[in-house]
Amino acid sequence: MTDLVFDVTVCLLLVSASIGLVVTADAGADTGLGGDAAVDADGVASSLATSTATVNYSLAPGVDAADPSLLDADGVDPRELERTAHGSLAGLLARATLGAVTVDGARVTRARDDFRKRAAARVASELPTRGVSVAVSWTPFPGSSVRASDALGPEPPSSATVHSATLDVPSGFPAAREDAVAASDDGFDAVARLVADRTVAGLFPPALARLALRGDEPVSTLMAHRYERAGALAGASVAPEVAREETRAANADLAAALNPRFAETMRARYDTPRAAAEAVSVGRVTIVVRTWSL
């Protein structure tokens, strides 16, 4: 079964043709630690982009956080909690990481906790057993209080020669960078407003979110909880709109709460609105593969 909310809503078109691969750097100095050559970072990244897998997981952790009573004997049928995801290894990592979005360090939802664990285990089974790590990150722009990240593997030794390759994976969120650059003539507030709107629209696509709120359990409860949790973390009261299934109004309230936060961060971090706009990264998840000799 495919999860209408947490698989379809994000709408990740994670085919290999849409994943950009860039070999970014060799850093550090060769310390002579061991005699093995480093694993090819480019090769590992290419494998993540092209190899596919299927992951079976459960929504139980998210349901337990939203409404534990649904897990009781007279709650939802356990079969309604089972989900299946299929895609490239990079795509699975990206989607799992986006399920762990935080606001000021606090998680919005737990619905993908089991997916994250199982996706990480599946990807790890395809990686070399030594000398490689994978870091996954998403944020609307560097320094944002809204972000998501995950990591597989150990940190490399501080003095080892580290090779790296970067994958850019579509996030499924509405594109924002070009429009942000166009809006930058009107100042930081205009850039922040656009980025906040696109971020919320990615987290809560209005039509699909409304469909979820009108759906059967546990989907409706998970979406309502997701909205209300995001509102609590962002400082927006969205419960009335969610109760009325007015997702566009709820999204507008969330974006209005995030807008001044984003603008304040942009002013502190960037010299000009144009620089802030050029750093916008709503539309992509970044995966960095690092390898080193042992």
Q. Roughly how far, to the nearest 0.5 Å, is OG1 of Thr221 from CG of Leu70?
A. 5.0 Å
Q.
Grouping I, L, V, M, F, W and Y whenever their side-chain heavy atoms are under 4.5 Å apart, do Leu194 and Val181 come out in a common cluster?
A. no
Q: State the OG-CG distance between Ser149 and Leu98, to the nearest 0.5 angstrom.
A: 11.0 Å
Q) Is the shortest heavy-atom distance from the side chain of Thr286 to the side chain of Ser281 under 4.5 Å? A) no
Q: Can you run down the salt bridge (charged side-chain N to carboxylate O under 4.0 Å, His left out) pairs that involve residues 131-140, sequence neighbours left out, and say none if there aren't any?
A: none
Q) Counting only N and O atoms by type, is there a donor-acceptor contact under 3.5 Å from the side chain of Arg177 to the main-chain atoms of Ala277? A) no
Q) So which heavy atom on Val136 is nearest to which on Val285, and how close? A) CG1-CG1, 3.6 Å
Q. Taking side chain as C-beta onward, heavy atoms only, is Leu59 less than 4.5 Å from Arg83?
A. yes
Q) Taking all non-hydrogen atoms of both residues, which atom of Ala96 and which atom of Arg116 are closest, and how far apart? A) O-CG, 3.2 Å
Q: Please confirm whether the backbone N or O of Asp74 pairs with a side-chain atom of Asp72, one donor and one acceptor, at under 3.5 Å?
A: no
Q | Neighbour count >12 (heavy atoms, 6.0 Å) for atom CD, Glu126 | A | yes
Q.
Would you say that Ser145 contacts Thr265 through its side chain, given a criterion of any heavy-atom pair below 4.5 Å between the two side chains?
A. no
Q | For the student: nearest non-hydrogen atoms of His163 and Ala41, plus distance | A | O-CB, 3.8 Å
**Q.** Minimum side-chain heavy-atom gap Arg226-Leu203 below 4.5 Å
**A.** yes
Q) So, the side chain of Arg269 versus the backbone of Ser144: is there a donor-acceptor pair under 3.5 Å, distance only? A) no
Q | Under 3.5 Å: donor-acceptor pair, side chain of Thr199, backbone of Val195 | A | yes
**Q.** Enclosure of Asp216 CG (heavy-atom neighbours >12, cutoff 6.0 Å)
**A.** no
Q: Check Arg198 against Phe173 and note the closest heavy-atom contact, atom names and distance.
A: O-CD2, 4.0 Å
Q.
How close do Ala234 and Leu258 get, counting heavy atoms only, and between which atoms?
A. CB-CD2, 4.1 Å
(Q) Is it the case that over 12 heavy atoms from other parts of the model lie below 6.0 angstrom from the CZ atom of Arg244? (A) yes
Q: Supply the atom-to-atom distance Glu241 CD to Asn251 CG, rounded to the nearest 0.5 angstrom.
A: 10.0 Å
Q: Show your reasoning for whether side chain to side chain contact (heavy atoms under 4.5 Å, CB included) applies to Val289 and Val132.
A: CA-CA 7 Å; Val289 176; Val132 61; 4.1 Å; yes
Q | Straight-line distance of Thr166 OG1 to Asp42 CG, nearest 0.5 Å | A | 10.5 Å
Q: Calculate, to the nearest 0.5 Å, the distance between atoms CD1 and CG belonging to Ile287 and Leu89 respectively.
A: 9.5 Å
**Q.** Shortest non-hydrogen contact between His86 and Thr54, atoms and distance
**A.** ND1-OG1, 2.7 Å
**Q.** Inter-residue atom distance Leu167.CG - Arg284.CZ, 0.5 Å rounding
**A.** 12.5 Å
Q) Are Glu80 and Pro218 side-chain neighbours, meaning at least one heavy-atom pair lies under 4.5 Å? A) yes
Q. Is there a side-chain contact between Asp150 and Trp138, using heavy atoms and a 4.5 Å cut-off?
A. no
Q.
Between Arg95 (side chain only) and Phe115 (backbone N and O only), is there a donor and an acceptor less than 3.5 Å apart?
A. no
Q. Given side chains that start at C-beta, do those of Arg214 and Glu245 come closer than 4.5 Å, heavy atoms only?
A. yes
Q. Counting only heavy atoms not in Asp77, do more than 12 sit closer than 6.0 Å to its CG atom?
A. yes
Q: I would like to know whether Val280 and Asp179 meet side chain to side chain contact (heavy atoms under 4.5 Å, CB included); could you show each step before the answer?
A: CA-CA 10 Å; Val280 167; Asp179 290 341; over 6 Å; no
Q.
Taking the basic N atoms (NZ, or NE/NH1/NH2) and the acidic carboxylate oxygens, is any pair closer than 4.0 Å for Glu155 and Arg290?
A. yes
**Q.** Backbone N/O of Ser58 and side chain of Asp114: donor-acceptor pair under 3.5 Å
**A.** yes
Q | Any pair counted as ring pair (Phe, Tyr, Trp, His ring centres under 6.0 Å), so long as it reaches residues 228-266, sequence neighbours left out | A | Phe141-Phe262
(Q) Do Thr247 and Met223 make a side-chain contact, defined as non-hydrogen atoms from C-beta onward lying under 4.5 Å apart? (A) no
Q.
One pair to check against side chain to side chain contact (heavy atoms under 4.5 Å, CB included): Arg267 and Asp189. What are the steps and the verdict?
A. CA-CA 9 Å; Arg267 285 190 176 91; Asp189 287 336; 3.1 Å; yes
Q: Show your reasoning for whether side chain to side chain contact (heavy atoms under 4.5 Å, CB included) applies to Leu222 and Thr109.
A: CA-CA 8 Å; Leu222 286 172; Thr109 178; 5.5 Å; no
